[in-house]
There are 2 protein chains.
Amino acid sequence: MNYSQLKLDNQICHRLYMASNSVVRAYRDALNQLDLTYPQYVVMMALWEENKMSIAGLLNKTKIDGGAMTQILKKMTDKQLLSVVIDKEDKRKRLVKLESHGLKLQQQAVDIPDQIRCRFQSINTQEADQLMHLLDKLNLAFENP
Amino acid sequence: MNYSQLKLDNQICHRLYMASNSVVRAYRDALNQLDLTYPQYVVMMALWEENKMSIAGLLNKTKIDGGAMTQILKKMTDKQLLSVVIDKEDKRKRLVKLESHGLKLQQQAVDIPDQIRCRFQSINTQEADQLMHLLDKLNLAFENP
DNA sequence: TGCAAATACTTTGCATGCAAATTAAAATAT
DNA sequence: ATATTTTAATTTGCATGCAAAGTATTTGCA
């Protein structure tokens with residue numbers, strides 16, 4: 001029996017797992033200064049792009065887990081970053097809106113992408129595009145199980 | 001001020017985050033049948049490759065967090081998959097060794113890589129190699145902060 | 001109209017990932 | 001030889017990711 005496919009070194013999955021953890025870890029210092037975790041930062045980015053989204057919209061945009069989202073939004077509400085209100089048109093839905101503190105934070109966050117990008121210098125622009133393209137393909141393939 | 005770099009769609013990081021989560025999620029069904037979580041499966045793969053490793057060796061090979069590893073090994077010990085013994089030569093170290101149940105499990109796991117690979121059909125072999133290569137570059141770059 | 005099914009979230013329980021503090025043992029320095 | 005430092009793991013506290021169960025509304029259909 002050939003077990004070579006069970007070797008960690010042969011697996012894309014393990015590389016993805018390590019890379020994702022590494023990159024999120026790399027954000028930590030910058031995000032600590034904004035008192036944000038990585039998923040909270042992802043939520044902020046989604047809202048900076050489009051303020052006042054439904055939770056379903058946020059879930060779809062960020063791909064964060066629904067159960068986790070509830071907790072994340074609770075913490076962000078406590079930090080006065082945003083507020084969550086019931087949609088009057090459909091009381092099952094909730095609308096998430098940035099508060100002034102959350103809006104202002106964008107100015108402090110604007111440098112973060114550059115701080116991270118410099119950590120990507122080992123790959124050039126073309127490779128980065130290639131990587132994004134391949135990850136898009138993967139994400140699309142794994143989107144609907 | 002140009003905030004376009006803060007858009008989720010422009011970020012490799014978020015793609016990695018989504019892809020890693022998706023792929024780990026894709027393993028779930030197969031791993032449930034072996035009563036393993038993904039990190040536990042990673043530990044098993046490391047040990048199937050080289051039985052009797054130190055915990056430090058396992059940490060280095062798997063890149064799993066040290067604090068988490070203690071808990072993971074505890075659960076795997078409870079499941080009789082492996083045993084952890086103090087290294088007599090250096091009592092700070094621990095040696096991890098597969099038990100018979102853990103050894104036998106490899107035969108059941110041998111199909112898993114193929115089950116996952118079929119989910120990767122959206123990318124061809126060449127693209128998969130490219131992706132592995134790019135992820136290796138990233139992992140190398142983020143290894144030593 | 002009335003009720004079952006679908007939606008949109010929330011809650012709960014478990015398993016990490018991670019930083020920081022702690023413990024134990026070995027290596028080094030003075 | 002003893003004190004200091006380093007190394008190897010464990011522990012602790014917090015924040016998710018995820019599945020499964022539960023709640024509140026709204027839809028849809030008989």
Side-chain angles (χ1 to χ4, degrees), chain A residues 14 16-29 31-32 34-44 53-79 81 84-96 142 145, chain B residues 14 16-29 31-32 34-43 53-60 62-79 81 84-96 142 145:
Chain A
H14 191 237
L16 278 173
Y17 169 85
M18 292 190 290
S20 174
N21 286 341
S22 296
V23 171
V24 168
R25 204 161 36 238
Y27 271 95
R28 201 153 296 242
D29 285 344
L31 292 181
N32 275 341
L34 308 192
D35 188 29
L36 291 176
T37 64
Y38 182 75
Q40 288 169 14
Y41 172 63
V42 170
V43 169
M44 290 306 293
M53 299 180 76
S54 68
I55 290 186
L58 264 182
L59 291 175
N60 181 58
K61 179 86 177 174
T62 64
K63 304 300 179 192
I64 289 173
D65 170 68
M69 184 63 87
T70 300
Q71 308 306 319
I72 290 171
L73 291 176
K74 199 171 289 177
K75 282 169 196 121
M76 295 176 80
T77 301
D78 291 344
K79 289 194 271 195
L81 289 168
V84 180
V85 297
I86 296 177
D87 185 341
K88 283 172 187 166
E89 326 242 307
D90 183 340
K91 291 176 185 163
R92 290 171 305 183
K93 296 183 185 170
R94 307 268 136 73
L95 294 172
V96 185
F142 281 89
Chain B
H14 190 237
L16 277 173
Y17 169 84
M18 292 188 292
S20 174
N21 286 342
S22 297
V23 172
V24 169
R25 203 161 38 239
Y27 272 96
R28 200 152 297 241
D29 285 345
L31 292 181
N32 275 342
L34 307 193
D35 187 30
L36 290 176
T37 64
Y38 182 75
Q40 287 168 14
Y41 172 62
V42 169
V43 168
M53 299 180 77
S54 68
I55 291 185
L58 265 182
L59 291 175
N60 181 57
T62 64
K63 303 300 177 190
I64 290 173
D65 170 67
M69 184 62 87
T70 300
Q71 308 305 318
I72 291 171
L73 291 177
K74 199 171 290 176
K75 282 169 195 122
M76 296 176 79
T77 301
D78 291 346
K79 287 193 273 195
L81 290 168
V84 180
V85 297
I86 296 179
D87 184 342
K88 283 173 188 164
E89 326 242 307
D90 183 339
K91 290 175 184 164
R92 290 170 305 181
K93 296 183 183 169
R94 308 264 187 285
L95 294 173
V96 184
F142 281 89

>> Nearest whole Å is fine: how far is C/dT7 C1' from A/Asn60 CG?
In response: 15 Å

>> Using whole Å, what does the distance between atom P of nucleotide D/dT7 and atom CG of B/Leu59 come to?
In response: 15 Å

>> Nearest whole Å is fine: how far is D/dG17 P from A/Ile72 CD1?
In response: 5 Å

>> Closest approach to the side chain of B/Thr70, judged atom by atom: which nucleotide of C/dC9, D/dT16, D/dT11 is it?
In response: D/dT11

> Should B/Ile64 and A/Tyr17 be marked as a side-chain contact (heavy atoms from CB on, under 4.5 Å) after you check the CA-CA gap, both sets of side-chain angles, and the distance that decides it?
Replying inline: CA-CA 10 Å; B/Ile64 290 173; A/Tyr17 169 85; 3.6 Å; yes

> Is any side-chain N or O of A/Gln40 closer than 4.0 Å to OP1 or OP2 of D/dT16?
Replying inline: yes

> Rounded to whole angstroms, how far apart are CE on B/Met53 and C1' on D/dA9?
Replying inline: 16 Å

> Where do A/Thr37 and A/Leu31 land on the side-chain contact (heavy atoms from CB on, under 4.5 Å) test, with the steps shown first?
Replying inline: CA-CA 6 Å; A/Thr37 64; A/Leu31 292 181; over 6 Å; no

> Rounding to a whole Å, what distance do you find between A/Asp87:CG and D/dT25:C1'?
Replying inline: 12 Å

> To the nearest Å, how far apart are B/Met69 CE and D/dT7 C1'?
Replying inline: 17 Å

> Angle, rounded to 10°, between the helical axes spanning five pairs at each terminus of the helix from C/dT1-D/dA30 to C/dT30-D/dA1?
Replying inline: 10°

> Rounding to a whole Å, what distance do you find between B/Ile55:CD1 and D/dT7:C1'?
Replying inline: 13 Å

>> Strictly under 4.0 angstrom, non-hydrogen atoms only: write out the protein contact profile of nucleotides 18-29 of chain C, one letter per nucleotide from the 5' end, B, S or -.
In response: BS-----BS---

> Parallel, tilted or perpendicular: which fits the ring planes of B/Tyr41 and B/Tyr38, with parallel below 30° and perpendicular above 60°?
Replying inline: tilted

>> Can you tell me how far apart CG (A/Leu34) and NZ (A/Lys79) are? Round to the nearest 0.5 Å.
In response: 9.5 Å

> Once you round to the nearest 0.5 Å, how far does CG of A/Leu81 lie from CD1 of A/Ile72?
Replying inline: 12.5 Å

> NZ of B/Lys75 to OG1 of B/Thr70: how many Å apart, nearest 0.5 Å?
Replying inline: 10.5 Å

>> Measuring only between side-chain heavy atoms, which start at C-beta, is A/Met69 closer than 4.5 Å to A/Thr62?
In response: yes

> With a non-hydrogen cut-off below 4.0 angstrom, is A/Thr37 in contact with a base, only sugar-phosphate, or nothing?
Replying inline: sugar-phosphate

> What heavy-atom pair brings A/Val42 and B/His14 nearest, and what distance separates the two atoms?
Replying inline: CG1-NE2, 3.8 Å

>> Between A/Tyr17 and A/Ala56, which residue's closest nucleotide on DNA chain C lies nearer the 5′ terminus?
In response: A/Ala56

>> Rounding to an integer number of Å, can you tell me how far B/Lys74 NZ sits from C/dT16 P?
In response: 13 Å

> If you round to the nearest 0.5 Å, how far is CD of A/Gln71 from CD of A/Gln40?
Replying inline: 11.5 Å

